[in-house]
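Every chain is numbered from 1 and lettered A, B, ... according to where its sequence line falls, protein lines coming before strand lines.
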Amino acid sequence: MKRVLVRSVAAAAATVLVGVLAACSSGSSAAPATQGATTGATAKDTGPLKVWVMGDVGPAFEKATADFTAQTGITLQVDAIPWENVNDKLTTAVASGQGPDVVQVGLSLLPTFAAAGALKDLSGVIGNYPGLAAANFPDAVDPKNLGSDGKVLSVPWISDTRVLFYRSDILTAAGYPTPPTTWDQMEQVAKALKARGDGQYGYYIPLWDNTLPVQYTWQAGGDVVGADGKVNFDTPEFAAAVDHYLGFFADGSAPTASDWDQTQGFVSGATPMVISGPYLAKAISEAAPELDGKWSVALSPKDKNGTSLFAGSNLGVWNTSTHVDAAMQLIDYLDQPATQTAWYQAQGELPTNLQALDELSKTGDAALAVYAKQLTEARTVPMVPGWDLIANEMATALTAIGTTGADRDSTLEAFYAKAAQISSNY
Amino acid sequence: MTSTSTVAPPGAAFPRVRRPRRPAGPVSRRRGAVVPYAFVAPAFLLLLAFGVLPILVAAVVSTTNMNISGLADSSNIRFIGAANYTRLVQDPEFWHALTNTGLFALVGVPSILVVSLGVALLLHRSDSGFARALRAFYFMPAITAIVAVALVWGYLYNSQFGLFNYLLSLVGIGPVPWLSSPTVAKFSVALVAIWRATGLNIIIFLAALQGIPKEYLEAAAIDGANERQRTLRITIPLLRFAIFFVTITTVINWLQFFDEPYVLTQGGPVGATTSISLYIFQQGFRYNQFGFASAGSLVLFVIIAVVTLVQLRLRRSDVD
């Protein structure tokens, strides 16, 4: 425990020192860096490219890129960074200036690292790669929707969205052979399922999920970012989202336990409905293969519309990279429909390339067709710096109201003030 | 030149300085003054480099708006004076975290003291193989990795399939929201920390108990003191220094309480288990607000320094 203080102080000290050093060196090295990139293009740059990917995908990534190295002669050094260390790792890289060449950045971290100037503007070179044109990808991840003032700081790679997972056997037994498609139906079905008995619920809302209320705000026809680009929660649509969200806690159709296990609850049937991403499908099949055929996925239930969350990761080129051309070739390769399809088959991570998505959704996999359809009606989290902090404040405020009986209006007022204050700090 | 040559053979320098009753001249007197410093120097330099310097840097950083863009480009760093500190005292979460830390310390320090002293007294009564095995048993939590500990306790506490709630259901008691209720979660998290911390303190008390001369207890027994009187009047007063040591280190540990809430609850639900260290960590490393977090860590440093000084002061008057 004592070490934590010492460690954090030491880390702060180190980051300052390194930051000063990096600032000193970046000025002098800027010119040779760009020069290296241009000469590299003519003299055939073969890397090695340092690539940082996230999660447990190292060997799979090396396998997926073996062909790329064979074709281009560009060698790769792949580092797979565990998800929980991503923020630390990227922060250290920013501080030290020692980044990779190609980096995977989750969409929720994108604004922070774009604002820190960690990613290179690719608008000058992206035109050479027709495969990377914005038209090949969903609108949600079009650079102009990622808030970078005309710059292209990243290119879409893998996608992820939130759909409704439901236990068809339990819903049918309760008299609902088809899944709910509207908010009203959702509330009604959840309540009916809750009435099955003690310890049974209708719908699991992860208390740590700080995107669901935002998704509900979109579905109510609103947004959490105002026309001025600043976050604004004080809207009738957010209020409607909050009422829908809290309603599940108020009538007891969602469990209030903060340590509720999503997969376990779904498998046991205690929470037969949950809004989650494709990774849950994998978790369910692994935990309970015998449930196959007793559960399914459906589009997010609608209010005014059925907008869901567009999650996933983009690829960027680190600001200090001297292998821009080789890096772009790799990104171009990773975004080709064939590579994207193979990656889905190996890793279960959805493509962003529209052609790959389309081909996959025609393979007869019903769940895939739902994901692909939902991705066309999905948006990314707001691309404002400090979003993480604001979203967690929102989750905390709603948890307080929903599970500990805090006063709705005063808690929300305090949250609005806090959100405005956080925005002004950036 | 001269000073380095005195330092070089320390073994030779010592007896030469000590032997003459009266210092022969200014040279050897200077040697006598240098040698102790030479021995202290490495530790002192380490303390400067890894203790004092980081605190000074944190003090400087705490007056800036240091965040991730400041790391990337130092021209983004601005001096903002005491703004981080004003923001800190205006942040209800900071006060919440501070209150939580105070509560944790209030519950945790006496519990650890009483439990570890009690267990040590019991273990000290016997020197059988079983008692020695028990010592190892009690020490086990102290050497087990916190993540493994948290994982297992997380399963014990779990509201869906946890062992505790299952056992309670056997005797007809309804489920307890171990980690979900803001009030109960505080105690659940504190319990794990108490369980983890007692092992080391039991060993400290056992060592101190072994240092108590048997004659005192025998003399008291001959004078007709019963076991309770011997423990309360002889043993515990003679353990005063060990108790003092354990109290100081335990108080500091609770003020820096971090590991258990970090891995068990992430500070939730609704911030109920967010200690001040966890709050600082989140502000710094989760939200990249290094300047603000530095201000928080400096405040924590001052609190710990003041609390420890007060304890040392009380101890001094106790000795007098």
Is it the side chain or the backbone of [X] that comes within 4.5 Å of chain A heavy atoms, both, or neither?
{"X": "Q282(B)", "answer": "neither"}
{"X": "F292(B)", "answer": "neither"}
{"X": "R286(B)", "answer": "both"}

Original post:
Can you tell me how far CG of L71(B) sits from CG of L90(A), rounded to the nearest 0.5 angstrom?
Top reply: 12.0 Å

Original post:
Counting heavy-atom pairs under 4.5 Å to chain A, which of Q266(B), Q283(B), R87(B) comes out on top?
Top reply: R87(B)

Under 4.5 Å heavy-atom distance to chain B, tell me which part of [X] shows up: side chain, backbone, both or neither.
{"X": "E84(A)", "result": "neither"}
{"X": "A400(A)", "result": "both"}
{"X": "N392(A)", "result": "side chain"}

Using a 6.0 Å cut-off, check whether atom [atom1] of [X] has over 12 heavy atoms from anything other than its own residue.
{"X": "F245(B)", "atom1": "CZ", "value": "no"}
{"X": "K186(B)", "atom1": "NZ", "value": "yes"}
{"X": "N85(A)", "atom1": "CG", "value": "yes"}
{"X": "F44(B)", "atom1": "CZ", "value": "no"}
{"X": "F187(B)", "atom1": "CZ", "value": "no"}
{"X": "Y262(B)", "atom1": "OH", "value": "no"}

Subject >> Max heavy-atom pair count under 4.5 Å with chain B, selected residue of T396(A), T112(A), D261(A) >> reply: D261(A)

Are any of the side-chain heavy atoms of [X] and [Y] separated by less than 4.5 Å?
{"X": "Q421(A)", "Y": "Q90(B)", "result": "no"}
{"X": "D91(B)", "Y": "K418(A)", "result": "yes"}
{"X": "D259(A)", "Y": "Y155(B)", "result": "no"}
{"X": "N158(B)", "Y": "W260(A)", "result": "no"}

Subject >> Stepwise side-chain contact (heavy atoms from CB on, under 4.5 Å) test for I422(A) and Y287(B) >> reply: CA-CA 11 Å; I422(A) 294 169; Y287(B) 307 129; over 6 Å; no

Original post:
Where do F285(B) and N87(A) come nearest, in terms of heavy atoms and distance?
Top reply: O-ND2, 2.9 Å

Original post:
What's the shortest heavy-atom distance between S180(B) and S258(A), and which atoms?
Top reply: OG-N, 2.8 Å

Original post:
Can you check side-chain contact (heavy atoms from CB on, under 4.5 Å) on T91(A) and F290(B), steps first, answer last?
Top reply: CA-CA 11 Å; T91(A) 309; F290(B) 304 113; 3.6 Å; yes

Original post:
Are there residues of residues 167-179 of chain B that reach to under 4.5 Å of chain A by heavy atoms, and which ones?
Top reply: L179(B)

Original post:
When only heavy atoms count and the cut-off is under 4.5 Å, which of residues 402-410 of chain A reach chain B?
Top reply: T404(A)

